[in-house]
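Read the structure below first, then the notes.
The first residue in the sequence is number 1, and the count goes up from there.
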Amino acid sequence: MIRATLFVIALLSVVGCVSSQNDQSPVERAFQSTLLTLPSEGLGPQSLQVGQCGLWLWSQTDTAKLIFFSRGQTGQAKLRLAGTTQTLTQRAATGEIFGQFLTDTVYVDQSGGEVRVSLVPGDELIDGQRISSGLITWTDAEGWQIKAPVLGVRACQVK
């Protein structure tokens, strides 16, 4: 009797897993589409002029993809998430100072969305510093959020 009950439960579980995407609620479809928002490619190479400093952030899930870059003291940044590259404008910055950057920065994107960048500075480097961990939270104009854990480096071009 117990074996038959376990067999029926297992069979129902398998049938439930085989159901089509059309049977999913809008929330389930939105959740699955969010899982697909990791960038298929990152930002291209970013360079600095002598005297400039930059902040490079990579996705912790795929460190081969640069997803965020900002030049110090410009109030501008680039973000590559969900298959698009956004140009960001800084709205606020708070937290601890590390180089020409602060640990908590808020940007706005071109469509009225908000991007929050929270960073934890790590080890000092020659002419820079590691970012041991961080989080980018992108909230679009409709209120949907994408959260991307990041790591990175801030560095300055001195010569």
Could you state whether [X] and [Y] fall into the same hydrophobic cluster, counting links through intermediate Ile, Leu, Val, Met, Phe, Trp or Tyr residues with side-chain heavy atoms under 4.5 angstrom apart?
X      : Y      : result
Val106 : Ile146 : no
Val115 : Val120 : no
Leu81  : Val108 : no

Roughly how far, to the nearest 0.5 Å, is the [atom2] atom of [Y] from the [atom1] atom of [X]?
X      : Y      : atom1 : atom2 : result
Lys78  : Phe69  : NZ    : CZ    : 7.5 Å
Ser132 : Asp123 : OG    : CG    : 8.0 Å
Gln90  : Ser70  : CD    : OG    : 7.0 Å
Leu88  : Gln76  : CG    : CD    : 8.0 Å
Leu66  : Gln46  : CG    : CD    : 6.5 Å
Leu43  : Ile67  : CG    : CD1   : 8.5 Å

Those residues at least two apart in sequence (or on a different chain) that pass side chain to side chain donor-acceptor pair (under 3.5 Å) with Thr94 are none
Item checked: Contact list for residues 80-159, test disulfide bond (SG atoms under 2.5 Å apart), sequence neighbours left out ->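 Of all non-adjacent pairs touching residues 80-159, those that pass disulfide bond (SG atoms under 2.5 Å apart) are Cys53-Cys156.
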Could you check whether any side-chain N or O of Gln60 sits under 3.5 Å from a backbone N or O of Asp62, counting only pairs where one atom can act as donor and the other as acceptor? no
Donor-acceptor under 3.5 Å (Gln129 side chain, Phe98 main chain) | no
Besides Leu102, the hydrophobic cluster formed by Ile, Leu, Val, Met, Phe, Trp and Tyr side chains linked at under 4.5 Å, directly or via other members, contains Ile97
ring-ring contact (aromatic ring centres under 6.0 Å, His included) contacts touching [range] (sequence neighbours left out):
range            : value
residues 103-133 : Phe68-Tyr107
residues 73-94   : none
residues 111-131 : none

Residues in side chain to side chain contact (heavy atoms under 4.5 Å, CB included) with [X], at least two apart?
X      : value
Asp127 : Val158
Gln73  : Gln100
Thr139 : Thr137, Gln145

Residues at least two apart in sequence or cross-chain that pass salt bridge (charged side-chain N to carboxylate O under 4.0 Å, His left out) with Arg71, listed by chain then number, are none
For Glu96, the salt bridge (charged side-chain N to carboxylate O under 4.0 Å, His left out) test, sequence neighbours excluded, returns none
task = I would like to know whether Leu151 and Thr63 meet side-chain contact (heavy atoms from CB on, under 4.5 Å); could you show each step before the answer?
result = CA-CA 8 Å; Leu151 49 82; Thr63 56; 4.2 Å; yes
Between Leu55 and Leu119, does the side-chain contact (heavy atoms from CB on, under 4.5 Å) criterion hold? Intermediate values first, please.
CA-CA 11 Å; Leu55 176 65; Leu119 305 172; 3.8 Å; yes
The complete set of side-chain hydrogen bond (donor to acceptor under 3.5 Å, both in side chains) pairs with one or both residues in residues 108-122, sequence neighbours excluded, reads Arg91-Glu114, Asp104-Ser118, Asp109-Ser111, Asp109-Trp138, Glu114-Arg116
**Asked** Taking it one step at a time, do Val153 and Leu125 satisfy side-chain contact (heavy atoms from CB on, under 4.5 Å)?
**Response** CA-CA 9 Å; Val153 66; Leu125 304 170; 3.6 Å; yes
